Structure formats: structure tokens, C-alpha cells
There are 2 protein chains.
Amino acid sequence: MTTSRPGLRKSPQQERSKHMVDRIVAAGRQVLGEHGYERATTNRVAEAAGISPGSLYQYFPNKEAVLSAVVDAYSTEIAEQLTAVVTEHLDRPPLELMRASYEGLLEILESNREYVRLMARELPRARVAPHVDQLERRLSELVGAYLAVSRPTDRVKPAVSAWLLVRMVEHLCVQWVLEEPGFSRETLVDELMHLSAAHLAPT
Amino acid sequence: MTTSRPGLRKSPQQERSKHMVDRIVAAGRQVLGEHGYERATTNRVAEAAGISPGSLYQYFPNKEAVLSAVVDAYSTEIAEQLTAVVTEHLDRPPLELMRASYEGLLEILESNREYVRLMARELPRARVAPHVDQLERRLSELVGAYLAVSRPTDRVKPAVSAWLLVRMVEHLCVQWVLEEPGFSRETLVDELMHLSAAHLAPT
DNA sequence: GCGTGACACGAGCAATTACTCGCATACAAT
DNA sequence: ATTGTATGCGAGTAATTGCTCGTGTCACGC
């Protein structure tokens, strides 16, 4: 048995089944979106993928693995978009980089509202936590390193600033997208900028 | 059939069963904490309450109602503690009120870590949303009204400020309690004060 | 004491669900 | 063509779970 991907029962060896895993993951995403987490069953996923339950279990050892793969694929997709936006503006001055990042984040979240709803509302936090935690840690380290170099303030340690800013910005953006409160995106970005700048400003 | 409480099948009419509902709710809370949401079954709740499944269903129409009652009772408990702390310092100047509220919130969250873990990690957000949304709306209105009177800034509308501040403070405090990052409670409060003050400061 | 209704029980039903297994089929090499 | 193997099928199984119902018990008014 040759398992090249973790959580997979076997890797396809014939052409016709190369895309089976992806089809199952896509079907899982669809079922999760349409029926919600509690009504997401393996049989339903198989049906949505146009295959039989037996076939599904040739590629995934159990339900857990299927859902994990769905979350993983979706998260990776979003994380890649985010890093792309940030690296795109990495050479610009700090304030512009910040604003571009915030606007990029909102852009991504808004055009992936289904993903946001899934991760932040539908799925039990315990299942999403590993992925979100990892992303937040990575971002915190990145921001922390950036701040450690530019050292805009000595009131707070870079790591603390990074922790606060990452979680604050992320949560407010996610909530804004989900709740759609009665104020504009520019207002949100402006206020996030104001808050961030105030926090980083030297005493 | 006399139903005085919503979601209850009947209200007790003999002394020995007056506390049945509370016992069931307490058992539900315990089961939820010990076994997690996915393994919380009605039979387990009944067992934890020391009664039979049949008895449970004399007071609750279905599983949903039991869990709802658990979340409701728990939330009410916490909300009362919070409002108590705030009203305790309502006569003091704004900045002191703010600091006292933040410290009170953290005090409450820290001494109810099990509750926080349950609401923010264990339960699917969709189940908690009604309660959390209601609390957040109530808080936002309260803060909004307070800001509308004192009008510390005209850069942002009071409602917007309230929305931002409530969600920011709540989320950062909850995350701080859950993640236990490497910095002190005073640091957190100081930075929350700094952020809030900066946001509210006039241009 | 006795009768009545509230209360409690717990075995078990009906439905759901994760997962399997024996069999059919498509493919590649000989 | 034939054979060996990878792939796919889908009815079926064992276990779980929400919930019921027939039966029994206890408290209280008479």
C-alpha cells in the first residue's frame, strides 16, 4: 500500500481515479454548505460526488478524514489568497502595506462568504481550531518579526502587538462580513487603520 | 397542560419534582463539559441527572430544548454577573468605568473558564449565536447610548463605535482567557484601554 | 384506608449512520 | 482472448440515538 497523502487510504494508480479525492472533497464542501454540519453524512457526500459510499471509503479511512480534508483544502485556498495579497504590497511603506492588507483581507472574505460562514458559524470551533490556530500563529509570527525590525513602539513587545492586532483585525473583519452591520467597508478599514496606528504609535 | 416556561412540557405540581428541571439542566451542563457536544446524548444527560430518559421527556419536548435550556441558563448567569459589575461602577468617570468593566469582564471569564470553553470552542457557533448575538446587541445598544450622550468623538457614529468596541474587547478577552498567551492581564487591560481611548479620542 | 392523578421508570422501537464485503467491471500486460 | 489487478458498486450490518409507552409508585384529599 502506497499512501502519499496523510489521511488517505490509498493513492490512485489509474488515470480515471486521479481526481476522485478532489471530487469527494468538493462534494463534501457542497454538502457542508447545503445541509450544514449536523446533517453532513458520508452517504450524502458520496451521493453528491456521484459515487457510492464504498468508493468513498477506498480513499478515506473515515468520516473525520473526509471533513478534515474539506476544511484543510478550503483553508489552504484562502490562506494562499491572503499571502498573495500581502506579498504583493510588501515593498510599500508600512501604513500602505497595512491598508492594502486590510482591504485585501476584506476583499477575500467578501468573495468567500460561504467559506467564512462555514468556518465561523457552521462548524464546531473544535474542528476548525487547529487550522485557524495555525494560521493565526503564522500571521502573528510574521507580523511580530516585521514589528521587531521596524520597532515603531517600545511600549509593548512586538509579540504582544502582533497577537493583539492579528486577532483584532481578523475578528472584526470576519464579523463585519457575516453580520453586515450598517456601515461601509471604507469606514471599517479607516477605523482598523486608526486603531492599529494608535496601538503602534510611540508614547 | 399548563406550561409556564417556554420549551417545557409541563411545570411541576408536586414538591418533589420542583427542582427536576434544574437538575436536568445541571446534568446537561456537566455532560456537555465532560463528554463534549458530539457525545452529549439525552440518555447520558438523564443518567447524569440520576433519572430515566422517560422522566427527562416529561419536562423537555426534545433534545434541542434541553441543550437550549443549558446554554440559556449558563448565558444568563454570566450576563447577570457582567451587568452587576458594570452597574457597580456606573457613577464613576468614563475612563474608570471602562477599566473597571474590562477588569470585571476578565475576572468573570477567568473564573468561568469552563463556560467560555463551552460556548467558544465546544458548541457549534450556530447554536450559541442567538444568545451571543442578543448579548452583543444589548451591549452595543447600551454602549451606543452612553456614547451618544457623552459624545467624545464626532469622527465615528456612536453605533459604529459601539459595534467595534464591544466586539473587539469581547473577542480579545475571550481569546486571552482561552489561549493564555504569554503576557499579563494588566498588559491586556492597558492595551484595551489604550485602543478604546484612541478610537474615541476626538481628531 | 382508598381512590385519583401526578410522577417516574426503563425496556424497546424506529430511524439514522458510519462503515463493510462480496461481487461486478474496466483496464493493462501478456 | 485471457488473466491479474485496480477500481467501483450498493445492499447490508452493527451500533447508536432520540424518543415512547405500558406499567408501576407515591403523595394527597377524602
Side-chain angles (χ1 to χ4, degrees), chain A residues 1-5 7-28 31-32 34-71 123-124 127, chain B residues 1-5 7-28 31-32 34-71 123-124 127:
Chain A
M1 194 164 94
T2 54
T3 46
S4 66
R5 277 167 70 171
L8 288 186
R9 182 156 276 183
K10 61 177 167 185
S11 33
Q13 301 186 1
Q14 287 192 11
E15 195 53 41
R16 60 178 159 157
S17 67
K18 282 271 171 62
H19 299 298
M20 267 296 235
V21 171
D22 296 322
R23 277 179 61 198
I24 294 172
V25 170
V31 168
L32 228 36
E34 284 181 6
H35 298 266
Y37 175 74
E38 311 229 1
R39 311 213 76 79
T41 71
T42 54
N43 289 6
R44 244 192 277 271
V45 172
E47 189 189 7
I51 63 173
S52 84
S55 302
L56 185 150
Y57 279 94
Q58 286 205 328
Y59 296 94
F60 293 91
N62 49 41
K63 182 185 178 183
E64 165 71 23
V66 179
L67 295 182
S68 244
V70 172
V71 173
L123 295 174
R127 181 176 296 281
Chain B
M1 192 165 94
T2 53
T3 47
S4 66
R5 278 168 71 171
L8 289 186
R9 182 156 273 181
K10 62 175 165 185
S11 31
Q13 300 185 1
Q14 288 192 9
E15 194 52 40
R16 62 177 159 158
S17 68
K18 280 270 170 61
H19 299 299
M20 265 298 234
V21 172
D22 296 322
R23 277 180 60 198
I24 295 171
V25 169
V31 168
L32 227 37
E34 284 180 7
H35 297 266
Y37 174 74
E38 312 229 1
R39 310 212 76 80
T41 71
T42 54
N43 288 7
R44 245 192 277 268
V45 171
E47 189 189 7
I51 63 173
S52 86
S55 302
L56 185 151
Y57 279 94
Q58 285 205 329
Y59 297 94
F60 293 90
N62 49 42
K63 181 187 179 183
E64 167 70 24
V66 179
L67 296 182
S68 244
V70 172
V71 174
L123 295 175
R127 182 177 294 282

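Letters go in sequence order (proteins before strands), and every chain restarts at 1. This one's a predicted model, so the numbers in the text were calculated from it and none came from an experiment.
- With contacts defined as side-chain heavy-atom distances shorter than 4.5 Å, the pair Leu123(A)/Leu32(A) qualifies.
- For Thr42(B), no side-chain nitrogen or oxygen approaches OP1 or OP2 of dT17(D) to under 4.0 Å.
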Between N or O atoms, less than 3.5 Å apart, protein on one side and nucleotides 9-12 of chain D on the other: list the pairs.
from, atom 1, to, atom 2, distance (Å)
dC9(D), OP2, Ser52(A), N, 3.3
dC9(D), OP2, Ser55(A), OG, 2.6
dG10(D), N7, Ser52(A), OG, 3.0

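- Of the candidate nucleotides dT7(D), dA8(C), dC19(C), dA8(C) has the atom lying nearest to any side-chain atom of Tyr59(B).
- Between the CZ atom of Arg44(B) and the C1' atom of dC19(D) there is a distance of 16 Å, given to the nearest Å.
- The two atoms that bring Ala65(A) and Asn62(A) nearest to each other are N-OD1, 3.0 Å, heavy atoms only.
- In this structure, Ile24(B) places its CD1 atom 12 Å from P of dC7(C), rounding to the nearest Å.
- Rounded to the nearest 0.5 Å, atoms CD (Glu38(A)) and OH (Tyr37(B)) are 3.5 Å apart.
- Rounded to a whole Å, the NE2 atom of His19(B) is 16 Å from the C1' atom of dC7(C).
- Look at CZ on Arg23(A): it is 9 Å from P on dG8(D), rounded to the nearest Å.
- Between Tyr57(B) and dT20(D) there is no side-chain polar atom (N or O) within less than 4.0 angstrom of OP1 or OP2.
- With sequence neighbours left out, Glu64(A) forms a salt bridge (charged side-chain N to carboxylate O under 4.0 Å, His left out) with Arg127(A).
- The distance from the CE atom of Met20(A) to the CG atom of Asp22(A) is 11.5 Å, given to the nearest 0.5 Å.
- Between Phe60(B) and Val21(B) there is a side-chain heavy-atom pair separated by less than 4.5 Å.
- Rounded to whole Å, atom P of dT17(C) lies 12 Å from atom CD of Glu47(A).
- Atom pair Lys63(B):NZ and dT16(C):P shows a separation of 15 Å (rounding to whole Å applied).
- The listed nucleotides are dT20(D), dT17(D), dA18(C); the one nearest the side chain of Arg39(B) is dT17(D).
- Heavy atoms only, all atoms of each residue included: Val31(B) and Val45(B) are closest at CG2-CA, 3.9 Å.
- In this entry the distance linking CZ of Phe60(B) with P of dA8(C) reads 13 Å, nearest Å.
- Rounded to an integer number of Å, the gap from CG of Leu56(A) to P of dT7(D) is 15 Å.
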